[in-house]
Structure formats: structure tokens, C-alpha cells
There are 2 protein chains.
Amino acid sequence: MNDSFLRDCLFFTANRLGRTITKLAEEQFAPTGLTPMYGYLLLLVNGLPGITQKELAEKLSVTPSTLTRFVDKLEAKKLVERQVSGKSVQVFPTDKSRELEGTIRQASRNLHDAYAAVLGTESSDALSIDLLQASLELEKM
Amino acid sequence: MNDSFLRDCLFFTANRLGRTITKLAEEQFAPTGLTPMYGYLLLLVNGLPGITQKELAEKLSVTPSTLTRFVDKLEAKKLVERQVSGKSVQVFPTDKSRELEGTIRQASRNLHDAYAAVLGTESSDALSIDLLQASLELEKM
DNA sequence: CTATTTTGTTTGTACATACAAAATATAAAA
DNA sequence: TTTTATATTTTGTATGTACAAACAAAATAG
């Protein structure tokens with residue numbers, strides 16, 4: 001039978017890799033007490049205190065509604081603070097999130113090391129760039 | 001600030017592309033009345049009548065519990081039938097699903113054409129193969 | 001041939017994510 | 001200055017997906 005779509009279809013292969021690497025990433029991020037997405041969100045907020053939700057949604061390529069939910073959770077954990085500013089909402093780090101910065105960066109490095117050990121450093125880095133490039137082009141459609 | 005993880009981290013870039021292409025795929029699959037994942041599941045069942053849920057879960061790289069949910073929905077829509085066989089469950093197509101086969105294959109082609117028009121046929125096909133290869137290797141971990 | 005283990009499925013629950021519609025707040029126009 | 005338009009966020013709701021536990025059937029060991 002013809003099940004070539006299992007390898008030929010970018011929808012399928014991209015989401016498959018997404019599921020696989022999410023699992024690996026969650027393991028590596030366990031010490032942070034956060035899932036990888038929340039960890040990266042915190043890095044952005046720590047690095048750009050006062051960044052708006054709109055900007056965060058764009059950088060992370062999630063919808064504004066999703067971002068609202070993320071910030072709700074981080075706020076509940078006292079990891080960020082909201083400040084309304086005109087029609088935007090700015091997001092600020094807390095002491096607690098600044099303390100987590102190092103742990104998150106370490107988890108991120110561990111994740112990279114883990115998959116690079118399997119896929120090779122060169123090729124996994126190249127793959128990541130190709131993926132970003134592809135999504136940027138498709139988002140323009 | 002250092003937000004290089006937005007391009008260097010395979011967790012992030014794979015899932016980003018996954019979100020982007022899922023949206024495109026859902027548009028192209030709209031005429032089938034199914035989301036892409038369900039469409040591909042039906043193609044597998046049509047091509048291998050009596051395939052077990054375990055085999056389907058492996059081919060699609062989702063967990064067995066997820067597959068149960070998928071089959072529940074397709075069964076409710078009269079698009080597949082279950083038949084218990086020992087501790088396994090075999091899944092069979094219905095007339096309705098066989099009628100949909102052509103529509104699904106067309107949607108799949110349209111999806112491929114849509115992203116190939118943006119990314120290039122060669123490079124999008126190569127990317128898809130790289131993605132599958134990467135997930136196969138990471139799933140061995 | 002019974003007791004234990006393994007394998008496959010289902011169910012309860014939880015989270016990430018999206019879309020559409022509603023709410024909010026500023027900016028622009030009249 | 002009141003009205004209208006626009007940008008941002010939030011809320012309601014829905015789907016995909018996972019894990020852990022429960023369950024059922026089969027395989028294996030004693």
C-alpha cells in the first residue's frame with residue numbers, strides 16, 4: 001500500500017519531530033519546574049523586561065490568546081508581573097524568575113547536547129535553521 | 001539580549017514549523033471534513049483493512065491512548081469500524097471512508113503543492129525526509 | 001493447570017494551543 | 001468633544017495529545 005505520506009508530508013514529519021523532541025525537552029527542563037515553552041518565555045521576559053504580550057506572541061509564534069494563557073500561569077506562579085500600558089500589557093520579571101535564569105539556560109544547553117549527541121552537532125544545528133527558515137516563509141503566505 | 005534559542009533550539013523550531021504547517025494543512029483538508037491527522041489515519045485504514053490500533057499508533061507515532069481517541073471519533077462518524085480480536089482491536093474502513101479516499105489524496109496533493117510552491121519542491125521534500133530521519137533517531141533514545 | 005507477567009486498549013485527567021467573539025483602551029475623525 | 005475606528009487582550013470553547021491507572025486478554029513459568 002502507499003503510505004508514502006508518512007515520510008513525504010511536511011505536516012506529518014514536522015509534527016512527529018515536534019512530539020518526539022517535546023518529550024526530550026520536557027525531561028531536560030524538569031529541573032526548572034517549567035515546560036520548555038514557559039522556560040523560553042521567561043528567558044525573553046528576563047532579557048527584555050517590559051516586553052509586551054504582542055511582541056512575545058510574535059517572537060514565540062503563538063497566538064495572542066495562547067500567550068494570555070501562558071502569562072496567566074506564570075503570573076500565578078509569581079514568575080512574571082503584568083503592567084497595563086495603554087492598550088498593551090507589559091510583562092516584567094520577578095526576583096524569582098531572575099533566579100531561575102541560570103537553571104533554564106542550563107536545561108537548554110543540556111537539551112541541545114542531548115539531541116546533538118544523537119543527530120550530530122552540525123546537522124542538528126543546520127536542521128534547526130532550516131526549520132526556522134521554512135516556518136518564516138510559510139508564515140508569509 | 002540573547003534570544004538565539006529561538007533559532008538554535010530544535011524543540012522550538014520543530015514545534016514552530018509544526019504549528020505553521022498544521023494551519024496550512026487544515027485549510028487544504030477542509031474539503032474532506034477531516035483534520036489532516038484523521039485524513040492520514042483513514043488512508044492507512046483504507047490501505048490496510050484490519051490493521052490493529054497498535055500498528056496504527058506506531059505508524060503515526062502517537063500514543064495508544066491518543067489513537068483510541070482518534071478511532072472513537074472516526075467510528076462516531078461511521079468512517080471506520082472496530083472489531084475486537086483477542087487483546088487487539090482491528091480497524092476496518094466503511095463504504096463512506098472508501099468514498100473519501102480520493103478527496104483525501106487530493107487534499108494531500110494540494111497541501112504538498114502549496115508548501116512546495118513556497119519552499120521549493122526539492123528542498124521541501126528533502127526537509128521532510130530529514131525530519132523523519134531525525135525523529136526516528138531521537139525515538140531510539 | 002493455575003499464578004504471574006506481559007501486551008493492548010480504554011478512561012480520567014491535564015495541558016498546549018487555536019479560533020471567534022467580547023471587552024478594553026487608545027487614536028483618529030467629524 | 002463626541003463618535004468611530006483600530007489595536008490589544010481576554011474569555012469561552014474546542015481539539016490534539018500525553019500520562020497514569022484500570023482493565024482485559026494472552027503468554028509464560030512453575
Side-chain angles (χ1 to χ4, degrees), chain A residues 11-12 14-27 29-30 33-42 50-77 80-91 135 139, chain B residues 11-12 14-27 29-30 32-41 50-77 80-91 135 139:
Chain A
F11 159 78
F12 188 77
N15 282 302
R16 177 172 183 161
L17 180 60
R19 288 192 296 275
T20 305
I21 199 150
T22 293
K23 210 177 159 192
L24 180 60
E26 282 170 353
E27 288 165 18
F29 271 69
L34 298 170
T35 55
M37 193 59 155
Y38 288 88
Y40 288 136
L41 206 173
L42 269 199
I51 187 173
T52 67
Q53 293 193 176
K54 176 132 218 295
E55 293 164 333
L56 283 169
E58 276 163 12
K59 277 182 188 285
L60 294 173
S61 187
V62 297
T63 61
S65 66
T66 300
L67 202 98
T68 291
R69 302 285 149 84
F70 287 174
V71 175
D72 287 348
K73 290 213 180 169
L74 289 176
E75 199 178 32
K77 291 187 180 189
V80 300
E81 282 167 7
R82 280 183 160 108
Q83 189 180 314
V84 176
S85 157
K87 50 190 165 189
S88 297
V89 175
Q90 290 183 283
V91 185
S135 52
E139 281 162 22
Chain B
F11 157 78
F12 188 76
N15 281 303
R16 177 171 184 162
L17 180 61
R19 287 191 296 275
T20 304
I21 199 149
T22 293
K23 208 177 161 193
L24 181 60
E26 282 171 353
E27 288 166 18
F29 272 69
T32 68
L34 298 170
T35 56
M37 193 60 155
Y38 287 88
Y40 288 133
L41 206 172
I51 187 172
T52 66
Q53 293 193 174
K54 175 124 216 297
E55 292 164 333
L56 283 169
E58 276 164 11
K59 277 181 187 287
L60 294 173
S61 187
V62 297
T63 61
S65 65
T66 299
L67 202 98
T68 291
R69 301 285 150 83
F70 288 173
V71 175
D72 287 348
K73 291 212 180 169
L74 289 175
E75 199 177 31
K77 291 186 179 189
V80 299
E81 281 167 9
R82 278 181 160 110
Q83 189 180 315
V84 176
S85 159
K87 58 185 164 189
S88 297
V89 175
Q90 290 183 282
V91 184
S135 52
E139 281 162 23

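Note that the structure is predicted; figures quoted are calculated from it, not measured.
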>> Please determine whether a side-chain nitrogen or oxygen atom of B/Ser65 lies at a distance below 4.0 Å from atom OP1 or OP2 of C/dT9.
In response: no
> For A/Thr66 and A/Thr63, does a side-chain donor sit closer than 3.5 Å to a side-chain acceptor?
Replying inline: yes
> So does B/Lys23 get a side-chain nitrogen or oxygen closer than 4.0 Å to the phosphate oxygens (OP1/OP2) of C/dT17?
Replying inline: no
>> What's the closest nucleotide to the side chain of B/Arg69 if the choices are C/dT13, C/dA18, C/dT10?
In response: C/dT13
> Is any side-chain heavy atom of A/Arg82 less than 4.5 Å from a side-chain heavy atom of A/Asp72?
Replying inline: yes
> Is any side-chain heavy atom of A/Glu26 closer than 4.5 Å to a side-chain heavy atom of A/Pro36?
Replying inline: yes
> Reckon A/Ser88 touches a base, only the sugar-phosphate, or nothing at all at heavy-atom distances under 4.0 Å?
Replying inline: sugar-phosphate
>> Please determine whether a side-chain nitrogen of the Lys or Arg among B/Glu58 and B/Lys54 lies less than 4.0 Å from a carboxylate oxygen of the Asp or Glu.
In response: yes
> Rounding to a whole Å, what distance do you find between A/Gln53:CD and C/dT17:P?
Replying inline: 15 Å
> How long is the line joining CG of A/Asn15 and P of C/dA18, in whole Å?
Replying inline: 11 Å
>> Tell me the interatomic distance from A/Leu60, atom CG, to C/dA18, atom P, rounded to whole angstroms.
In response: 11 Å
> Looking at A/Tyr38, does any N or O in its side chain come under 4.0 Å of the phosphate oxygens OP1/OP2 on C/dC15?
Replying inline: no
>> I want to verify a distance call: between C/dT26, C/dT17, C/dT10, whose nearest atom is closest to the A/Lys87 side chain?
In response: C/dT26
> DNA chain D: B/Ser85 or A/Val71, which has the more 5' nearest nucleotide?
Replying inline: A/Val71
> Minimum heavy-atom separation for B/Arg69 to B/Tyr38, with atom names?
Replying inline: O-OH, 4.5 Å
> Using 4.0 Å as the upper bound for N to carboxylate O, is an ion pair formed by A/Glu27 and A/Lys23?
Replying inline: no
>> Using a heavy-atom cut-off of 4.0 Å across all strands, would you classify B/Thr22 as base, sugar-phosphate, or nothing?
In response: nothing
> Can you tell me how far C1' of C/dA18 sits from CD of B/Glu26, to the nearest Å?
Replying inline: 8 Å
> When you list every nucleotide of DNA chain D with an atom under 4.0 Å from a heavy atom of chain A, which one comes first 5' to 3', and which comes last?
Replying inline: D/dT6 to D/dC19
> How close or far is atom C1' of C/dT24 from atom NZ of A/Lys54, stated in whole angstroms?
Replying inline: 16 Å
> C/dT17 C1' sits how many Å from A/Phe70 CZ, rounded?
Replying inline: 7 Å
> Expressed in angstrom and rounded to an integer, what is the separation of A/Leu56 atom CG from C/dT17 atom P?
Replying inline: 14 Å
>> Quick check: on DNA chain D, is the nucleotide nearest A/Arg19 upstream (toward 5') of the one nearest A/Thr68, or the reverse? Name the residue that is more 5'.
In response: A/Thr68
>> To check you understand the geometry: which heavy-atom pair defines the closest contact between A/Phe11 and B/Thr22, and what is its length?
In response: CE1-OG1, 3.6 Å
>> Can you measure B/Arg82 atom CZ to C/dG8 atom P for me and round it to whole angstrom units?
In response: 16 Å
